[in-house]
K.L.:
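Sharing a structure with you now.
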Amino acid sequence: MSGPRISVVGTGLYVPDRLVTNEDLAKVLDTSDEWIRTRTGIKQRYFAEPGTGAAPLGAEAGRRALAAAKVAPEDIDLVLCATMTPDYIIPSCAALIQRDLKLENAGGFDLMAACSGWVFGTVTAAQFLAAGTARHVLLVGAEQMTSVIDPEDRGTRVIFGDGAAAAVIRASRDDEPGQLLHSKMRLAGNDELLYIPAGGSRQPSIDAASIERRDHYVKMKGREIFRFAVTRFGELIEDALQGAGVTVDDIKLVIPHQVNLRIIESAVDRVGLSMDRVLLNIDRYGNTSGASVGIALHEAADSGRIERGDLVLMVAFGAGLSWGSALLRW
Ligand code: UT7
């Protein structure tokens with residue numbers, strides 16, 4: 001089969017210490033554990049202290065991935081950070097992670113694809129490795145979602161969590177099975193269903209009026225996003241199977257963006273996959289956007305749910321609107 005021959009040689013995960021349960025949120029918002037669990041599948045999530053930033057979370061995940069991969073910091077030549085909550089507009093999170101991890105020989109940049117960030121990042125890393133312009137890529141997904149979520153909006157506050165994941169990826173050696181068998185990245189530009197009005201070049205200054213409108217926080221039309229996600233998720237899985245010429249039975253594990261248990265269940269049902277071949281951890285982390293698929297991938301690898309040679313299908317969907325997939329032979 002064609003496709004860049006790449007191997008993930010080490011992964012890492014880091015979440016902040018503060019664990020927030022549904023009951024904790026129900027004390028400060030008009031919501032309940034029952035509503036959150038039945039509508040989303042979430043039981044808890046982690047919140048970083050205000051002012052932490054995404055880069056320190058990503059750097060810690062990166063440190064763990066480097067240790068797991070037994071790759072020295074100076075051997076990383078590209079650091080990619082998938083994030084929608086960068087510490088600053090400039091410099092990039094990638095630059096801060098480069099500094100923190102002393103990646104002396106690395107270039108890098110941030111990749112803004114919201115919840116599709118980890119999947120788009122994997123596809124991007126593979127291109128650099130296939131072209132030979134990078135030998136070791138450190139892919140990081142890092143988010144402090146609490147920095148952009150309105151603490152008073154129950155529709156979004158209960159869904160998102162903070163956290164980071166990282167992976168060291170390099171070209172596969174001759175005796176290694178690793179390969180990106182199929183990938184897809186798509187956009188359908190939309191700044192109405194899921195966006196943050198202020199803080200960018202359209203509305204750069206956050207003044208009293210914009211704070212009053214709460215324009216510095218995520219605005220989300222949840223129900224519309226839900227419908228779009230269900231359709232796209234199903235299509236992504238079907239496309240990947242067709243594109244790589246494999247059947248649903250060949251897939252060892254589907255690792256979906258941890259968006260909403262109901263969205264995942266209906267997409268998986270549509271393609272005839274059983275839930276025991278889907279990695280779910282939304283109950284413990286909530287939706288960590290660009291870090292979500294990476295966190296799940298780390299847990300799959302770390303727990304032995306995927307082994308070398310297995311087919312692993314990552315699928316994600318998010319703001320942009322964006323959606324994509326990466327089918328890996330592990
Ligand atoms: O990574 C992409 C990010 N986007 C997403 O993950 C969003 C995908 N969408 C969803 O996951 C779901 O649409 C939500 C979980 C956001 C909402 O679930 P839903 O079943 O679509 O609920 P809804 O928006 O249709 O709202 C139903 C009711 C409303 O009350 P009324 O108008 O029927 O009286 C909401 O006000 O539920 C209310 N509601 C809540 N109630 C208790 C909304 N949020 C909450 C809440 N607790 N946290």
Side-chain angles (χ1 to χ4, degrees), residues 20-45 47 82-85 111-121 141-163 165 185-196 214 217-234 236 255-268 280-283 285-296 314-325:
V20 178
T21 64
N22 293 346
E23 286 85 358
D24 293 333
L25 291 178
K27 285 179 198 145
V28 290
L29 278 173
D30 181 14
T31 189
S32 66
D33 172 52
E34 207 261 335
W35 192 96
I36 303 170
R37 261 189 302 107
T38 54
R39 296 289 180 123
T40 71
I42 299 167
K43 295 180 184 157
Q44 61 172 54
R45 74 290 288 142
F47 284 177
T83 186
M84 60 167 275
T85 52
L111 199 149
M112 158 64 86
C115 301
S116 306
W118 183 272
V119 169
F120 282 26
E143 303 282 13
Q144 184 172 8
M145 292 303 291
T146 45
S147 66
V148 293
I149 296 300
D150 187 343
E152 294 175 16
D153 176 13
R154 65 179 181 172
T156 50
R157 181 65 164 179
V158 305
I159 294 174
F160 294 97
D162 300 334
M185 297 192 289
R186 286 289 184 276
L187 293 172
N190 181 303
D191 54 3
E192 286 169 15
L193 295 183
L194 186 50
Y195 80 123
I196 302 173
R214 307 185 87 72
Y217 290 132
V218 164
K219 308 283 179 202
M220 182 175 83
K221 294 196 172 136
R223 214 175 295 186
E224 285 88 335
I225 297 283
F226 190 101
R227 274 198 292 273
F228 199 59
V230 168
T231 318
R232 293 302 182 200
F233 261 143
L236 279 172
I255 302 187
H257 168 42
Q258 304 293 310
V259 56
N260 179 314
L261 180 60
R262 289 185 297 142
I263 293 176
I264 296 169
E265 280 175 344
S266 57
V268 159
L280 290 173
N281 63 15
I282 190 170
D283 55 330
Y285 300 106
N287 178 345
T288 56
S289 188
S292 144
V293 176
I295 290 177
M314 300 186 278
V315 284
F317 167 89
L321 300 167
S322 60
W323 64 103
S325 66

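Every number for a ligand or one of its atoms is a count from 1 in the order of the listing.
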K.L.:
If I compare all heavy atoms of Asp283 with all of Leu280, which pair ends up nearest, and what's the gap?
P.N.:
OD1-O, 4.3 Å

K.L.:
Ligand 1 versus Asn287, non-hydrogen atoms closer than 4.0 Å: side chain, backbone, both, neither?
P.N.:
side chain

K.L.:
Heavy-atom contacts with Val158 under 4.0 Å: which atoms of ligand 1 show up? List them by number with element.
P.N.:
48 (N)

K.L.:
Keeping the roles fixed (side chain from Ser266, backbone from Arg262), state whether a donor-acceptor pair exists under 3.5 Å.
P.N.:
yes

K.L.:
What orientation do Trp323 and Phe317 show, parallel under 30°, tilted 30 to 60°, or perpendicular over 60°?
P.N.:
tilted

K.L.:
Under 4.0 Å, heavy-atom basis, I'd like to know which part of Leu29 is in contact with ligand 1: side chain, backbone, both or neither.
P.N.:
neither

K.L.:
How close does the nearest protein non-hydrogen atom get to atom 17 (C) of ligand 1, and which residue and atom is it?
P.N.:
Trp35 CH2, 3.8 Å

K.L.:
Could you report the tightest heavy-atom contact between Ile282 and Thr40, atom names first, then the distance?
P.N.:
CD1-O, 3.7 Å

K.L.:
Is there at least one protein heavy-atom neighbour under 4.0 Å from atom 5 (C) of ligand 1?
P.N.:
yes

K.L.:
Can you list the atoms of ligand 1 that are under 4.0 Å from a heavy atom of Phe226?
P.N.:
9 (N), 10 (C), 12 (C), 13 (O)

K.L.:
Which atoms of ligand 1 sit under 4.0 Å from any heavy atom of Arg39?
P.N.:
19 (P), 20 (O), 22 (O), 27 (C)

K.L.:
Tell me, please: is Arg157 in heavy-atom contact with ligand 1, that is, under 4.0 Å?
P.N.:
no

K.L.:
Can you confirm whether Lys43 is buried at NZ, in the sense that more than 12 heavy atoms of other residues, nucleotides or ligands lie under 6.0 Å from that atom?
P.N.:
no

K.L.:
Could you grab the distance from atom CZ of Arg154 to atom CG of Leu25, nearest 0.5 Å is fine?
P.N.:
13.0 Å

K.L.:
Return the residue, atom name and 0.1 Å-rounded distance of the protein heavy atom closest to atom 18 (O) of ligand 1.
P.N.:
Arg262 NH2, 3.6 Å

K.L.:
Verify, without hydrogens or angle tests, whether Asp162 (side chain) and Met145 (backbone) share a donor-acceptor contact under 3.5 angstrom.
P.N.:
yes

K.L.:
Any luck finding a side-chain donor-acceptor pair between Thr85 and Glu143 under 3.5 Å?
P.N.:
yes

K.L.:
Counting each atom of ligand 1 from 1 as listed, which ones have a heavy atom of Asn260 under 4.0 Å away?
P.N.:
10 (C), 11 (O), 12 (C), 15 (C)

K.L.:
Any side-chain heavy atom of Arg157 sitting closer than 4.5 Å to one from Thr31?
P.N.:
no

K.L.:
Can you confirm whether some protein heavy atom lies under 4.0 Å from atom 32 (O) of ligand 1, or whether none does?
P.N.:
no

K.L.:
How far is atom 36 (O) of ligand 1 from its nearest protein heavy atom, and which residue and atom name does that atom have?
P.N.:
Arg154 NH2, 2.9 Å

K.L.:
For Ala114 and Ser289, which heavy atoms make the closest approach, and how far apart are they?
P.N.:
C-OG, 3.5 Å

K.L.:
Write out the residue and atom name of the closest protein heavy atom to atom 16 (C) of ligand 1, then the distance separating them to 0.1 Å.
P.N.:
Ile159 CD1, 3.5 Å

K.L.:
Decide yes or no on side-chain contact (heavy atoms from CB on, under 4.5 Å) for His257 and Asn287, but give the supporting numbers first.
P.N.:
CA-CA 8 Å; His257 168 42; Asn287 178 345; 2.9 Å; yes

K.L.:
Is it the case that ligand 1 has an N or O less than 3.5 angstrom from some N or O of Gly318?
P.N.:
no

K.L.:
Atoms of ligand 1 less than 4.0 Å from His257 heavy atoms?
P.N.:
1 (O)

K.L.:
Gln258 versus Tyr285: any side-chain heavy-atom pair under 4.5 Å?
P.N.:
no

K.L.:
If you have a sec, work out which protein heavy atom is nearest atom 26 (O) of ligand 1 and how many Å separate them, to one decimal?
P.N.:
Arg223 NH2, 3.9 Å

K.L.:
Contact between ligand 1 and Ala229 is defined here as a heavy atom of the residue under 4.0 Å from a ligand atom; is it met?
P.N.:
no

K.L.:
Considering only the protein, which heavy-atom contact is closest to atom 9 (N) of ligand 1, and what is its distance?
P.N.:
Gly222 O, 3.1 Å

K.L.:
Cys115 heavy atoms, cut-off 4.0 Å: which ligand 1 atoms fall inside?
P.N.:
1 (O), 2 (C)

K.L.:
When you measure from atom 15 (C) of ligand 1 to every protein heavy atom, which one gives the shortest distance, and what is it?
P.N.:
Thr40 CG2, 3.6 Å

K.L.:
Which residue holds the protein heavy atom closest to atom 47 (N) of ligand 1, what is that atom called, and what is the gap in Å?
P.N.:
Thr31 OG1, 2.6 Å

K.L.:
Could you see which bit of Val259 sits under 4.0 Å from ligand 1, with heavy atoms only: side chain, backbone, both or neither?
P.N.:
both

K.L.:
Please identify which of these residues, Arg45, Glu34, Arg37, meets the side-chain hydrogen bond (donor to acceptor under 3.5 Å, both in side chains) condition with Asn22.
P.N.:
Arg45

